[in-house]
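Letters A, B, ... are given to chains in the order of the sequence lines, protein chains preceding strands, and every chain is numbered from 1. Note that the coordinates shown come from a computational prediction; the quantities given were computed from them, not determined experimentally.
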There are 2 protein chains.
Amino acid sequence: MLMTTDTEKSDISKTEFEVLDALWKKFPATASEIIQRLNQNKTWHEKTVKTLLSRLVKKQVIDFNKQQRSYLYFPLVERSTYNQKESKSLVSRLFGGKVAPLVAGFAHSDALSKEDVDELKSLIKQWEKKND
Amino acid sequence: MLMTTDTEKSDISKTEFEVLDALWKKFPATASEIIQRLNQNKTWHEKTVKTLLSRLVKKQVIDFNKQQRSYLYFPLVERSTYNQKESKSLVSRLFGGKVAPLVAGFAHSDALSKEDVDELKSLIKQWEKKND
DNA sequence: AATCTTTGATTACACATGTAATCTTAAATC
DNA sequence: GATTTAAGATTACATGTGTAATCAAAGATT
């Protein structure tokens, strides 16, 4: 590829995301804390998580402050920002940028809850108040 | 990994998806046709597209019928099915399975069009008719 | 102070992916 | 029929990713 500047696009991989997700839950956090959180669900080898933390640091997605022997990690990217970007990317790739067809898919496969519908109605009301 | 059976999970990569997307537009189609469609936007090297077609065949995402010297490719996966699966996966990973927060993100970043809102209202109406 | 952790850094290694080039072979053309 | 194309098959190769093991060093323990 040959990339001179270091302003790469930094895609976050599947496993890297899971680590970031664990960090978002509460930060700053040490590697051990993150490992504990992750191991409540599946089993991650300590070494694997450490590798993923390093890769996230290199990608400038998280950073840390040295604390005695261990590090205190914290995210550099906000969850909402990340979610926003990923959502738009998917909606753009799969539904030509319109979000309604995505929701339609959920509706047609009965993946729409009453809670969702209520929130959607509220969102729409807000939207209509704002836009004219 | 060691995988004896051949029923793998078959993730479709970014570039593979673009090729599949081009095929979905109209099929069956020859490799050259697909290459032409793809090259209306960006520039793909012929060899690259051929490789991606092969990989999609191996992943059992598409298949072909021999036609004289060239092949006629067609998808084995429906676009709507694929979209469905990807949407649910993203909503599950990022929004705890609820679609409304995703839509909220769009609303708050002004990515919601009147068209979207109209369609959403219609969907909600339908949903309410069905679910009591 | 010497030794034993424990933490992060470095290295490893197989498989995936992006991006082609080369090889084979059958079909088109002369 | 011999030769040239052109299509798919095979091979290539750097970088990314999943999944660790090993190395080095600073702190904790004795």
Side-chain angles (χ1 to χ4, degrees), chain A residues 1-23 28-39 41-74 93, chain B residues 1-23 28-39 41-74 93:
Chain A
M1 175 76 77
L2 196 130
M3 185 72 73
T4 29
T5 63
D6 207 5
T7 40
E8 314 213 8
K9 205 264 187 172
S10 277
D11 273 344
I12 298 174
S13 81
K14 253 189 258 292
T15 51
E16 284 163 2
F17 172 77
E18 294 195 60
V19 172
L20 175 57
D21 195 40
L23 179 57
T30 63
S32 340
E33 284 171 347
I34 296 170
I35 291 165
Q36 281 194 352
R37 285 177 206 168
L38 288 168
N39 281 322
N41 300 50
K42 47 192 295 190
T43 304
W44 295 73
H45 193 290
E46 170 224 353
K47 300 299 186 186
T48 301
V49 179
K50 298 278 185 81
T51 298
L52 295 172
L53 283 169
S54 299
R55 289 183 182 165
L56 285 168
V57 169
K58 181 185 290 181
K59 290 184 178 182
Q60 294 182 276
V61 172
I62 70 177
D63 201 358
F64 60 81
N65 286 132
K66 206 157 282 179
Q67 180 80 354
Q68 9 100 180
R69 92 206 93 177
S70 63
Y71 292 175
L72 275 183
Y73 294 91
F74 55 88
R93 275 180 295 119
Chain B
M1 175 73 79
L2 197 130
M3 186 72 74
T4 30
T5 64
D6 207 7
T7 40
E8 315 215 8
K9 206 262 187 172
S10 277
D11 274 345
I12 298 173
S13 83
K14 253 189 258 293
T15 51
E16 284 163 3
F17 173 77
E18 295 195 60
V19 173
L20 174 58
D21 195 40
L23 179 57
T30 64
S32 341
E33 285 171 347
I34 296 169
I35 291 166
Q36 281 194 351
R37 286 177 206 169
L38 288 168
N39 281 323
N41 302 50
K42 46 193 295 190
T43 304
W44 294 73
H45 192 290
E46 170 224 353
K47 299 300 189 184
T48 301
V49 179
K50 298 278 187 80
T51 298
L52 294 172
L53 282 169
S54 299
R55 289 183 182 166
L56 285 168
V57 169
K58 180 185 292 182
K59 290 184 178 183
Q60 294 183 275
V61 171
I62 70 177
D63 200 357
F64 60 80
N65 286 134
K66 206 158 283 177
Q67 180 81 354
Q68 7 98 179
R69 94 206 92 176
S70 62
Y71 292 174
L72 276 182
Y73 294 91
F74 55 89
R93 274 179 298 118

How long is the span from the [atom1] atom in [X] to the [atom2] atom in [Y], to the nearest 0.5 Å?
X: K47(B); Y: L52(B); atom1: NZ; atom2: CG; value: 13.5 Å
X: L23(B); Y: I34(B); atom1: CG; atom2: CD1; value: 4.5 Å
X: L53(B); Y: E16(B); atom1: CG; atom2: CD; value: 10.0 Å
X: Y71(B); Y: T30(B); atom1: OH; atom2: OG1; value: 13.0 Å
X: S13(B); Y: E18(B); atom1: OG; atom2: CD; value: 9.0 Å

Once you round it to whole Å, what is the distance between [atom2] of [N] and [atom1] of [X]?
X: K14(B); N: dG18(C); atom1: NZ; atom2: C1'; result: 11 Å
X: Q36(B); N: dA7(D); atom1: CD; atom2: P; result: 11 Å
X: Q67(A); N: dT7(C); atom1: CD; atom2: C1'; result: 13 Å
X: R69(B); N: dT29(C); atom1: CZ; atom2: P; result: 8 Å
X: L56(A); N: dG16(D); atom1: CG; atom2: P; result: 14 Å
X: E16(B); N: dC15(C); atom1: CD; atom2: P; result: 17 Å
X: N39(B); N: dT19(C); atom1: CG; atom2: C1'; result: 14 Å
X: Y71(B); N: dA6(D); atom1: OH; atom2: P; result: 18 Å

(request) Find which nucleotide of DNA chain C each of F64(A) and R55(A) is nearest to by heavy atoms, and output the residue with the more 5' nucleotide. (result)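 With F64(A) and R55(A) compared, the 5'-side residue is F64(A).
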
(message) Using a distance-only criterion (donor-acceptor N/O pair, under 3.5 Å, no hydrogens), is the base of dA16(C) paired with the side chain of S13(B)?
(response)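 It does not, because no donor-acceptor pair links the side chain of S13(B) to the base of dA16(C) below 3.5 Å.
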
(message) Under 3.5 Å, is there any donor-acceptor pair linking the side chain of T51(A) to the base of dA20(D)?
(response)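 It does, because a donor-acceptor pair links the side chain of T51(A) to the base of dA20(D) below 3.5 Å.
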
(request) By nearest nucleotide on DNA chain D, pick out whichever of Q68(A) and T43(A) is the more 5' one. (result)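 By nearest-heavy-atom nucleotide position, the 5'-most residue is T43(A).
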
Which one, [options], comes nearest to the side chain of [X]?
X: K47(B); options: dC23(C), dA20(D), dG18(C); result: dC23(C)
X: S70(A); options: dT19(D), dA7(D), dG8(C); result: dG8(C)
X: T15(A); options: dA7(D), dG8(C), dT19(D); result: dT19(D)

(message) I want to check one thing: is the phosphate of dT17(D), taken as OP1 and OP2, less than 4.0 Å away from some side-chain N or O of K59(A)?
(response)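 Result: yes.
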
(message) Check this one for me: any side-chain N or O of H45(A) less than 4.0 Å away from OP1 or OP2 of dG18(D)?
(response)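 No.
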
